[in-house]
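Have a look at the structure below before the remarks.
In what follows, chains carry the letters A, B, and so on, assigned in the order in which the sequence lines appear, proteins first and then strands, with residues in each chain numbered from 1.
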Amino acid sequence: MKKFLKSNFFNRDARIVAKDLLGKYLVRKVNGKTRAYKIVETEAYLGSSDLASYARSGMTKRNFPMFGHPGHWYVYFTYGMHYMLNIVVAPHGKPSAVLIRGVVGITGPGRLTKQLKIDKKLNTKYSKKASGLWIEDRGEKVKPNSIKKTARIGVAYAGEWAKKLYRFVLTD
DNA sequence: ACGATGATGAAC
DNA sequence: TTCATCATCGTA
């Protein structure tokens with residue numbers, strides 16, 4: 001049973017979406033080949049008050065997709081080398097997103113985008129088959145006690161926000 | 001464990 | 001113009 005995740009799934013609090021994405025499948029179609037990757041690591045980034053989020057200092061040329069509609073991809077370039085894959089969540093106008101950090105077999109957000117050939121061409125595209133990148137629920141149950149909550153990675157500068165347990169990892 | 005990498009945006 | 005960053009790879 002495959003169920004395509006629509007915008008109503010993403011139109012919720014970033015923390016809820018981040019947790020619910022564990023065990024779902026990121027599906028990538030490139031050059032006619034379709035592959036599915038089980039999501040095992042995510043991070044939630046909240047609105048403009050979240051000091052760890054790029055939305056912290058208002059809208060910029062890079063972060064504007066976060067202000068768009070839930071269910072759109074937000075791909076940004078960082079450290080001059082890596083693309084990061086996020087899905088825009090929460091109601092329209094509230095700049096939040098979920099960073100997809102890892103899937104089964106691929107650890108790390110930069111490696112994920114490299115292996116799946118994800119770059120800025122997908123930025124602001126809607127998560128659907130026609131975009132070549134979408135998310136499916138394949139009916140797999142996730143046990144609540146197999147979800148680990150930790151602090152987010154690489155955000156030590158964010159004061160109190162750095163301590164919040166907004167990273168979700170599927171441990172089995 | 002540490003430096004190089006080098007786009008983007010903020011602070012100066 | 002300088003500095004730090006939602007990371008990763010090479011070298012040690």
Side-chain angles (χ1 to χ4, degrees), chain A residues 5 9-24 26 28 30 35 37-127 131 133 135 147-171:
Chain A
L5 294 183
F9 177 90
F10 301 107
N11 190 17
R12 299 180 294 161
D13 184 279
R15 290 162 290 194
I16 304 295
V17 177
K19 184 163 68 69
D20 280 0
L21 278 175
L22 296 178
K24 302 297 188 292
L26 179 66
R28 177 68 169 135
V30 56
R35 269 193 253 264
Y37 304 83
K38 186 175 180 175
I39 297 169
V40 295
E41 184 181 349
T42 59
E43 278 179 5
Y45 287 87
L46 274 53
S48 43
S49 57
D50 181 357
L51 296 180
S53 170
Y54 284 143
R56 63 184 178 266
S57 43
M59 196 186 292
T60 68
K61 196 174 182 180
R62 176 165 68 169
N63 73 13
F64 74 90
M66 293 182 88
F67 294 79
H69 291 87
H72 282 84
W73 295 116
Y74 166 39
V75 180
Y76 66 82
F77 198 54
T78 191
Y79 290 110
M81 334 182 67
H82 306 295
Y83 293 103
M84 299 286 129
L85 177 65
N86 300 252
I87 186 95
V88 176
V89 301
H92 180 219
K94 187 183 177 186
S96 39
V98 172
L99 172 64
I100 299 176
R101 292 187 59 91
V103 298
V104 170
I106 309 174
T107 310
R111 291 170 173 173
L112 177 70
T113 53
K114 190 178 176 187
Q115 293 218 25
L116 272 60
K117 301 191 184 345
I118 291 164
D119 61 19
K120 295 218 79 157
K121 289 196 287 293
L122 279 159
N123 194 26
T124 73
K125 294 285 193 300
Y126 190 59
S127 168
S131 306
L133 186 67
I135 297 176
I147 294 175
K148 196 165 68 175
K149 291 165 68 175
T150 80
R152 291 172 291 185
I153 304 295
V155 295
Y157 59 88
E160 287 299 309
W161 287 90
K163 300 174 190 164
K164 296 192 180 294
L165 304 180
Y166 290 169
R167 174 169 172 256
F168 301 86
V169 183
L170 191 59
T171 56

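Here the closest heavy-atom approach between residue A:Phe77 and residue A:Arg62 is recorded as O-NH1, 3.0 Å. For the residue pair A:Leu99 and A:Pro109, the shortest heavy atom distance occurs at CD1-CB, 4.4 Å. Residues A:Lys149 and A:Leu165 share a closest heavy-atom pair of CE-O, 3.8 Å. When all heavy atoms of A:Gly23 and A:Leu170 are compared, the pair lying nearest together is N-CD2, 3.9 Å. In plain terms, the two heavy atoms of A:Lys125 and A:Ser131 that are nearest each other are CB-OG, 4.0 Å. Shortest non-hydrogen contact noted between A:Ala44 and A:Ala18 is CB-CB, 4.0 Å.
At whole-Å resolution of the value, NE2 in A:His82 and P in B:dT5 are 13 Å apart. Separating the CG atom of A:Asn63 from the C1' atom of B:dG9 is a distance of 10 Å, rounded to the nearest angstrom. For the pair A:Phe64 CZ and B:dT8 C1', the computed distance is 14 Å after rounding to whole Å. Taking atom CZ on A:Arg62 and atom P on B:dG6, their separation rounds to 17 Å, with Å as the unit. Residue A:Leu99 contributes atom CG, which lies 17 Å from atom P of C:dT5 at whole-angstrom precision. Here the C1' atom of nucleotide C:dC3 and the OH atom of A:Tyr157 are 15 Å apart, to the nearest Å. Between the OH atom of A:Tyr76 and the C1' atom of B:dG9 there is a distance of 14 Å, rounded to whole Å. The distance from atom OH of A:Tyr74 to atom P of C:dC6 is 10 Å, rounded to the nearest whole Å.
Using atom C1' as the reference point in both C:dC6 and B:dA1, the two lie 22 Å apart (nearest Å).
In this model, the phosphate group of B:dA10 is approached by a side-chain N or O of A:Ser57 to a distance below 4.0 Å at OP1 or OP2. Residue A:Thr78 places no side-chain N or O under 4.0 Å from the OP1 or OP2 atom of C:dA7. Close to B:dG9, at under 4.0 Å from its OP1 or OP2, lies no side-chain N or O of A:Arg56.
By the 30° and 60° cut-offs, the orientation of the rings of A:Tyr54 relative to A:Tyr76 is perpendicular.
Side-chain proximity of A:Phe77 to the nucleotides B:dA7, C:dC6, B:dT8 is greatest for B:dA7. The side chain of A:Tyr79 approaches C:dA7 more closely than any other nucleotide in the set B:dT8, B:dA10, C:dA7. Listed candidates were B:dA10, B:dG9, C:dT5. Nearest to the side chain of A:Lys61 is B:dG9.
Using a 4.0 Å heavy-atom cutoff across all strands shown, A:Met84 reaches sugar-phosphate atoms only and no base atom. Among the protein residues, A:Ser53 comes within range of the nucleic acid bases, having at least one heavy atom under 4.0 Å from a base atom.
Looking at A:Arg12 and A:Asp20, a side-chain N of the basic residue comes within less than 4.0 Å of a carboxylate O on the acidic one, giving a salt bridge. A salt bridge links A:Arg101 and A:Glu43; the closest N-O separation between the charged side-chain nitrogens and carboxylate oxygens is under 4.0 Å.
Here A:Ile100 contributes atom CD1 and A:Leu21 contributes atom CG; the two are 6.0 Å apart, rounded to the nearest 0.5 Å.
A 4.5 Å side-chain heavy-atom check between A:Leu122 and A:Tyr83 finds every atom pair outside the cut-off. Using a 4.5 Å heavy-atom cutoff, the side chains of A:Asn123 and A:Tyr74 are in contact.
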If a pair means Watson-Crick or G-U wobble with both distances below 3.5 Å, what does DNA chain C look like in dot-bracket form, with | marking bases paired to a different strand? |||||.|||||.
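Of the residues in residues 115-127 of chain A, none lies under 4.0 Å from DNA chain C by heavy-atom distance. Only A:Tyr45, A:Ala52, listed by number, bring a heavy atom of residues 38-52 of chain A to less than 4.0 angstrom from any atom of DNA chain C.
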